[in-house]
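First the structure, in the form of C-alpha cells, and then the observations on it.
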Amino acid sequence: MTTQAETHTQIAAEVAGLKVNALQDGSGPNIVVLHHSTGSPGWIPFYDHLAENHTVTVMDMPGYGQSERPAWARHPRDIAIMLHSAIHKMGIDTDAHLLGLGFGGWVAAELASMHLHGLDSLILVGAAGVQPEEGEIADVIFYEFEEYVKLGFSSDEAYAEVFGDEAAPELKELWDFSREMTARLTWKPWMFNRQLPHLLSEVETPTLLLWGENDRVTPLGVAEVYDASLPNSTLQVLDGLGHLVELESPQAAADAVSAFIAGL
Amino acid sequence: MFIGYFTERPYQDFESGWVGATGREIEDLGMTNGDYDPRIGAELYNRYLDEKVYAEEMGFDGLMLNEHHSTPFCMGGVMNVEAAILARITKRAKIVLLGNVLPIWEDPLWLAEELAEIDMISRGRLVTGWVRGTGRESVAHNSQAPFNWERFQEAHDFVVKAWSTPGPFRWEGEHYQYRYVNPWARPYQEPHPQIWIPGVMSRNTVKWCAEHRYPYVMLATEIEPTKQSFDYYDEVARENGYEASTEHHGYLFKVHVDETEELAEEAGRKYISGPANPFLEGNQGTVRSNLQNLPGLTSRTQLLPTVSTFAAAARGRQAERDAALAEKEAEQDKVDADAFGTYEEQVNKYSIITGTPDTVIPKIRHVLEELRPGNIFFWDGDGAMNHEDAMRSLRLFGEEVIPAVREMGKELDLKGAFEVNTLTGDPMSGD
C-alpha cells in the first residue's frame with residue numbers, strides 16, 4: 001500500500017512523551033481537522049477541496065492511527081489538552097480554524113472551551129459531546145462495526161458509493177482499532193459530557209454547526225443543544241445527507257465550510 | 001478426585017416457544033424480559049435448589065453455580081443468593097461458584113463481604129471462582145470493556161487482600177478506591193476459600209491462573225483443545241518453578257444417566273433444545289458476535305502498521321472484494337456447520353455423554369484417561385430437561401456412576417484440589 005506521504009506531508013510533535021502524528025497539505029489559513037471515533041481514513045476528497053484555499057492539517061488524535069496511545073487517558077478532554085499542545089508545537093495554532101468530525105467534534109468543543117488563543121473559528125460537523133433533549137446518540141456496541149459506519153450514511157447505497165458493498169480490510173482494521181481507543185475515552189455516559197454545555201456558554205468563538213439532515217448517529221437534537229449553549233453559533237443543515245457529510249458529499253460540505261470561513 | 005454437579009439453570013417456559021424446536025428465534029440479548037413470568041421463575045429457582053440438595057444426598061462433592069446476565073439460559077444473575085441458601089440447606093458438599101464476574105463489580109468490597117458470609121454460613125464450604133465475563137455481562141452492567149482485564153486483576157488482588165490482611169487499610173487503585181477497608185465479616189476458611197478459575201480458551205487467563213497456582217476448570221470444551229490448554233498451564237507452571245498436576249486441572253462436561261438407552265437419548269437431545277447456552281456448541285440460539293467482541297475486550301495495543309490510504313482502500317477494488325466476499329461466505333458456511341454440530345456429532349466426540357450407567361461409565365473413563373483432571377463436574381439437567389429427567393439421572397449417579405468414578409480416580413491417581421494443596425503441593429487431610 002502506498003502512503004500519502006508521497007503527496008501529503010507527514011508532521012509530528014511530541015506531547016507528554018508521546019508522538020502525535022498528522023497529515024498536511026495546501027496553503028493559506030490553517031484548518032485543523034479532528035477525525036471521527038472510527039479513526040482517520042487518510043486523505044479524503046473533502047480535504048482536497050478545503051486545501052484549495054487553506055493549509056489543512058489532519059490530526060491522528062492521540063491513541064489513533066499513527067499517534068501513540070496515552071494509556072492513562074480517560075476522557076476526550078485529556079485528548080483535547082494533548083492536542084492543544086500538539087497544534088501549538090506544530091505551529092498551526094494561529095490564524096486557525098478547528099474542524100471536528102463526529103467524536104472529533106466533541107474533542108474540538110472541549111478544546112474550544114479552553115479558550116484557545118488564535119482560534120478563529122470552530123466548525124462542528126455532526127459532533128458528539130452533548131446529550132440531545134430527545135433521542136440518543138447511536139450506541140456503537142449494538143452494531144457490527146461496519147454496520148455502525150453504514151449508519152453514518154443516509155442510506156446503504158450512499159455507503160456503497162464510497163466504500164463499495166463491503167469495506168476494504170484496511171478500513172475495517174482501522175475501525176476496529178479506533179473503536180477500542182474511543183471506548184477507553186467515553187463509556188458512561190456514552191458520547192457526551194454533562195459539563196460541556198455549561199462551559200460552552202463562555203466560548204465566544206464563531207462556530208458553524210454543520211449537520212446532515214438525516215444524521216442517524218448524532219441526531220439533529222445534538223446540534224440544537226450546541227446551538228443553544230454556544231453564544232456565537234450558526235446551524236446549517238445539509239439536505240438529505242447522513243452523519244458523514246464529508247464522505248457522502250465532500251463538495252457540499254467543503255463549500256459550506258469555505259463559505260462560513262469567508263463570511264467571518 | 002473431586003466430583004461436582006452443575007446445571008446452568010435455564011429459564012424454561014414451555015408456553016413461550018423457547019423450549020424445543022418451535023421456531024421462535026432465540027437471540028442473545030434479543031429477548032425481552034416482558035415475556036418473563038416470575039411465577040415460572042419461582043418454581044424453577046426452587047426446583048434447581050431442590051436438585052442441588054438431592055445431588056448432595058447422592059454423593060456429589062461439589063454443587064457448582066454460575067452467573068450470567070440478561071439472558072434466559074442461566075437464571076444465576078445473582079448467584080450469591082443461591083449460594084447463600086445452599087450454604088444453609090446443605091451440610092457437606094462444597095459450594096463452588098464458577099464464577100463471579102469480577103470486572104462488572106463496581107464495589108468488590110461488597111463481593112468480599114457476601115462471599116465471606118456464605119463461607120461462614122456454610123462453615124467453610126465455599127469454593128470461590130472468578131471470571132472476566134463475556135461481552136454480554138459487560139453490556140448488561142455497562143462495564144467499560146477495554147478495562148475488563150485490568151479490573152479483573154485489580155478486583156482479585158483487592159478481595160484477596162481484604163480477606164487476608166487485617167484492616168483497616170486504604171486502597172487507592174487504578175479502578176477501585178477505598179478509604180477504609182475493614183470488612184467485619186471475614187471468611188471462615190484461613191486465609192480464605194480456595195479460588196478456582198473457570199474458562200474456555202483465553203491464554204491470558206490460563207497463564208494468570210497458572211501463575212497463581214489456582215485450579216483451572218475448562219468449561220465443556222472439546223478434548224483436544226482442552227488438552228492443549230492444560231499443557232499450556234503446565235508449561236507456565238514450570239516457568240514459575242513448580243510442576244502442575246491433576247489437582248490444578250478441572251473439567252466440566254455434559255453427562256446424563258438414565259434408566260434405559262431410549263430415555264437417555266430422549267433426555268440427551270434436550271441438552272441442545274430450548275435456551276441452552278448460546279455460546280456453547282449445538283444450541284438453537286443465535287449469538288450476536290458484536291456483543292461478544294466489544295471494543296477493547298481484547299486489546300490491540302500496537303500502532304496501526306501503515307497509514308491507511310483512502311484512495312486505495314475505498315475505491316477501485318469492488319471486483320476484488322466481491323471475489324473475496326464470495327470465498328469468505330463459503331468459508332463461513334463451513335464454520336457454521338461445524339460450530340452447530342448435530343446431536344449425533346456431539347455424542348461421537350464426547351461433547352454429550354448420555355446413556356445407562358453401563359454405557360456412560362466407559363465413556364467417562366475415556367475422558368478421564370485423555371485429560372487427567374483431578375476436579376470434574378457433570379453438567380446435567382439442562383436445556384429442555386425437566387425435573388424428572390434431572391432426578392432420574394441424579395439417582396443413578398449416586399447409585400452407580402459416582403462410586404465407579406471414584407474407583408477410576410484412585411486407579412488413575414487423579415487427585416483433586418481438596419486432596420493436594422494446589423499452592424504448595426502438600427497433601428491435605430480430611431475433606
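The figures here come from the full heavy-atom set of this structure, side chains too, leaving out hydrogens, waters and symmetry mates. In what follows, chains carry the letters A, B, and so on, assigned in the order in which the sequence lines appear, proteins first and then strands, with residues in each chain numbered from 1.
Sparse packing is recorded around CD of A:Glu136, with 12 or fewer heavy atoms of other residues, nucleotides or ligands lying under 6.0 Å away. More than 12 heavy atoms of other residues, nucleotides or ligands lie within 6.0 Å of NZ in A:Lys89, so this atom counts as buried by the packing criterion.
For the pair A:Glu180 (side chain) and B:Pro146 (backbone), a donor-acceptor distance under 3.5 Å is absent. Remark: side-chain polar atoms of B:Asn290 are paired, donor with acceptor, to backbone N or O of A:Ile141 under 3.5 angstrom.
Across all non-hydrogen atoms, the minimal contact from A:Trp187 to B:Pro295 is CZ3-CG, 4.4 Å.
For the atom pair B:Leu294 CG and A:Phe142 CZ, the distance stands at 9.0 Å (nearest 0.5 Å). Distance check: B:Gln144 CD to A:Leu185 CG gives 8.5 Å after rounding to the nearest 0.5 Å.
A 4.5 Å side-chain heavy-atom check between A:Arg74 and B:Phe147 finds at least one atom pair inside the cut-off.
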